[in-house]
Chemist: 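Here it is, the structure in full.
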Amino acid sequence: MVVRKFFAPGTREALRLVREGLGTDALILSNRQVPGGVEIMAVAESDLNSAVATGVPATANSSSAFDGSTTRDILSEVRHLRGMVESQLAGFAWKELTQNSPAQAELMRVLLGRGFGARFARALASRLPADLRGAQVMRWVKAVLAANLNAVRAGEDLVSRGGVFALVGPTGVGKTTTVAKLAASCTLQHGASRVALVTTDSYRIGAVDQLRIYGKILGVPVLVARDQSDLAAALAELHGRHLVLIDTVGMSQRDRRLAEQAALLSGHGKPVKRLLLLSAVAQGEALEDTLQRYRADGLAGCVLTKVDEALTLGGVLDVLARAALPLHYVTNGQRVPEDLHLANPLYLVERAFRGEVPDGSFRLAPEDVPLAAARVAAGPRTGVYP
């Protein structure tokens, strides 16, 4: 088993060298302050697994072999030690940041407290201009966030441009209500004769009836499509309408039928564009997973729902800023169509930092900030960050 030594002037730089040299799963065996910087001893986890599995000892010039139980005990103990060492290094890295770049540290604390992810917060803080102080910092942050939200402009939105759109997303994000809002908005602008609704949701009890009630109120036709042939026939019948909206059954991003749904909507050359609905109240990790899995088959954009129910918008703005997916609309209530609005980046960013963070069990305490920030202290940056 090869144990490697890494040296750097500071903790964060040393951790970065470890990750680059041994990978993100490297096991840190020791760290210490030495003249001129920090020294870290580490080993690749794959090397350790191979060593203990084949009976190669971790200490030099030893001929003893490990049995299966000993192997598991060693791996468990090493992982436990790694956690302890990395927690200690996290404290060192945070201390360095607060001493050398207090404005960056304070910005990270604010972003983490508002629900933004640790990697996003670190990436944003690292780009903070050194000459900014106080209120200037938040003005810069808001401007950067707003610039990274790909909001669709008035006149380019789907109601104005028209087309065939299927609203997709997990159960409970508000697809049917959003379909009704979009249909009502289009009816007001272009007339009921230019709008039509289709539903593929024959699973939920009352789903078809709910959409038909909306259709009757608006004076627009509602067709039901249970398979590809039904959908093809419905789209052929509705050819020439300015806007055709398709309501779909809610599916978890981990549902194995997701590919089938994508094939139903866009197979055989059908002119259907998929619009993903994301709930502002969902966790950032769930939003990111949902976007990645639905995006695999292509998306035309997204709609942000339930903004009125969200206590913080940090998580969803984190995901949207990195995804660069066109954001068409936001919804903030049940009224049709009043609670449908074109996406306004400046409003969303202001909303993300407005008011006090609710005090509760999930609020990030000051002493927790170093650990939260250290989750990505030396990890490689992946994806697109502002």
Side-chain angles (χ1 to χ4, degrees), residues 114-115 145-146 149-154 156-160 165-190 192 195 197 199 201 204 206-220 222 243 245-250 275-284 286-287 290-291 294 301-320 325-358 360:
R114 292 289 175 171
L145 284 172
L149 293 176
N150 186 16
V152 175
R153 298 178 180 178
E156 298 179 0
D157 58 291
L158 63 93
V159 169
S160 299
F165 291 88
L167 275 64
V168 299
T171 303
V173 294
K175 290 185 294 297
T176 302
T177 305
T178 303
V179 164
K181 292 174 182 177
L182 291 169
S185 179
C186 191
T187 297
L188 291 173
Q189 292 186 37
H190 302 282
V195 186
L197 306 178
T199 179
D201 187 358
R204 287 187 304 129
V208 175
D209 292 336
Q210 182 183 4
L211 198 64
R212 280 176 172 161
I213 290 172
Y214 282 129
K216 184 176 181 181
I217 294 173
L218 297 173
V220 302
V222 177
L243 183 65
L245 297 168
I246 304 174
D247 188 23
T248 65
V249 61
L275 206 62
L276 177 64
L277 270 65
L278 295 173
S279 171
V281 301
Q283 293 179 326
L287 290 167
T290 297
L291 180 58
Y294 270 92
C302 62
V303 174
L304 180 58
T305 65
K306 302 182 184 291
V307 170
D308 56 312
E309 300 178 22
L311 296 178
T312 174
L313 295 181
V316 70
L317 294 189
D318 179 327
V319 172
L320 290 174
L325 189 68
L327 176 61
H328 286 258
Y329 298 94
V330 298
T331 72
N332 61 346
Q334 296 295 312
R335 295 179 302 170
V336 177
E338 292 87 349
D339 293 331
L340 175 77
H341 311 277
L342 283 172
N344 184 330
L346 293 176
Y347 165 78
L348 291 173
V349 172
E350 286 292 338
R351 172 77 164 70
F353 293 99
R354 189 175 64 194
E356 294 294 326
V357 177

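Position 1 is the first residue of the sequence; numbering continues from there. Keep in mind the model is a prediction, meaning the values are calculated, not measured.
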Chemist: Nearest heavy-atom pair of R335 and K181: which atoms, and what distance?
Modeler: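 It is O-CE, 3.3 Å.
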
Chemist: For a quick test of reading the model, state the closest non-hydrogen atom pair linking A192 to G219 and the distance between them.
Modeler: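 Reported closest heavy-atom pair: CB-O, 3.7 Å.
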
Chemist: Do you know which two heavy atoms are closest between G315 and L287, and how far apart they sit?
Modeler: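 Residues G315 and L287, closest heavy atoms: C-CD1, 4.4 Å.
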
Chemist: Working to the nearest 0.5 angstrom, can you tell me the gap between D318 CG and L313 CG?
Modeler: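 These two atoms lie 12.0 Å from each other.
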
Chemist: Is the number of heavy atoms from other residues, nucleotides or ligands under 6.0 Å of Q283 CD greater than 12?
Modeler: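 Not buried by this count: 12 neighbours or fewer within 6.0 Å.
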
Chemist: With a 4.5 Å heavy-atom cut-off, do L197 and D247 have their side chains touching?
Modeler: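 SC-SC contact between L197 and D247 ruled out.
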
Chemist: Do any N or O atoms from the side chain of H328 and from the backbone of V159 form a donor-acceptor pair under 3.5 angstrom?
Modeler: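 The answer is no, because no donor-acceptor pair under 3.5 Å joins these two groups.
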
Chemist: Are Y214 and V220 packed together at the side-chain level, in the sense that at least one heavy-atom pair is separated by less than 4.5 angstrom?
Modeler: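 The answer is no; the side chains never approach within 4.5 Å.
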
Chemist: Restricting to non-hydrogen atoms, name the atom on V168 and the atom on T248 that form the minimum distance, rounded to 0.1 Å.
Modeler: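 That would be CA-OG1, 3.6 Å.
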
Chemist: Without swapping roles, check the side chain of K175 against the backbone of G169 for a donor-acceptor pair under 3.5 Å.
Modeler: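 Indeed, once roles are kept as given, a pair shorter than 3.5 Å links the two residues.
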
Chemist: Supply the atom-to-atom distance T312 OG1 to R351 CZ, rounded to the nearest 0.5 angstrom.
Modeler: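 T312 atom OG1 to R351 atom CZ measures 8.0 Å (nearest 0.5 Å).
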
Chemist: Would the distance check show the side chain of S160 and the main-chain N or O of E156 forming a donor-acceptor pair, the cut-off being under 3.5 Å?
Modeler: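 It does not hold such a pair.
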
Chemist: Please evaluate residues L304 and Y329 with respect to the criterion side-chain contact (heavy atoms from CB on, under 4.5 Å), reporting the C-alpha separation (whole Å), side-chain torsions for both, the decisive distance (0.1 Å), and the verdict.
Modeler: CA-CA 6 Å; L304 180 58; Y329 298 94; over 6 Å; no

Chemist: Kindly indicate whether the side chain of L317, heavy atoms from C-beta on, has any atom under 4.5 Å from the side chain of L145.
Modeler: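 Contact flag for L317/L145 side chains = no.
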
Chemist: Is there a side-chain contact between S279 and E309, using heavy atoms and a 4.5 Å cut-off?
Modeler: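 No, every pair of side-chain atoms sits at 4.5 Å or beyond.
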
Chemist: Supply the atom-to-atom distance L340 CG to T177 OG1, rounded to the nearest 0.5 angstrom.
Modeler: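 So the gap between those two atoms works out to 11.5 Å.
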
Chemist: Any side-chain heavy atom of T305 within less than 4.5 Å of one from T178?
Modeler: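 A side-chain contact under 4.5 Å exists here.
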
Chemist: Can you check whether D308 reaches D339 side chain to side chain, under 4.5 Å on heavy atoms?
Modeler: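 Of all side-chain heavy-atom pairs linking D339 with D308, none is under 4.5 Å.
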
Chemist: Hey, are the side chains of T290 and L276 touching, using non-hydrogen atoms and a 4.5 Å cut-off?
Modeler: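 They are in contact (side-chain heavy atoms under 4.5 Å apart), so the answer is yes.
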
Chemist: Measure across H341 and E338 and return the closest heavy-atom pair with its distance rounded to 0.1 Å.
Modeler: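 Heavy atoms of H341 and E338 come nearest at CE1-O, 3.3 Å.
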
Chemist: Would you check if L320 and L278 make a side-chain contact, meaning some heavy-atom pair closer than 4.5 Å?
Modeler: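 The answer is yes, as the side chains (C-beta and beyond) meet within the 4.5 Å cut-off.
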
Chemist: Measure the spacing between CG of D157 and CG of L182 and express it to the nearest 0.5 Å.
Modeler: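 That separation rounds to 9.0 Å.
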
Chemist: Quick check: closest heavy atoms across A183 and L245, and the distance to 0.1 Å?
Modeler: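 Heavy atoms only, the tightest pair is N-CD1, 3.6 Å.
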
Chemist: Working to the nearest 0.5 angstrom, can you tell me the gap between T199 OG1 and D209 CG?
Modeler: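 The OG1 atom of T199 sits 10.5 Å away from the CG atom of D209.
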
Chemist: With a 6.0 Å cut-off (strictly less than), is the heavy-atom count around CD of Q334, excluding the residue itself, greater than 12?
Modeler: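 Counting neighbours around CD of Q334, 12 or fewer heavy atoms of other residues, nucleotides or ligands fall under 6.0 Å, so no.
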
Chemist: Test side-chain contact (heavy atoms from CB on, under 4.5 Å) on L158 and L275 and set out the steps.
Modeler: CA-CA 10 Å; L158 63 93; L275 206 62; 3.3 Å; yes

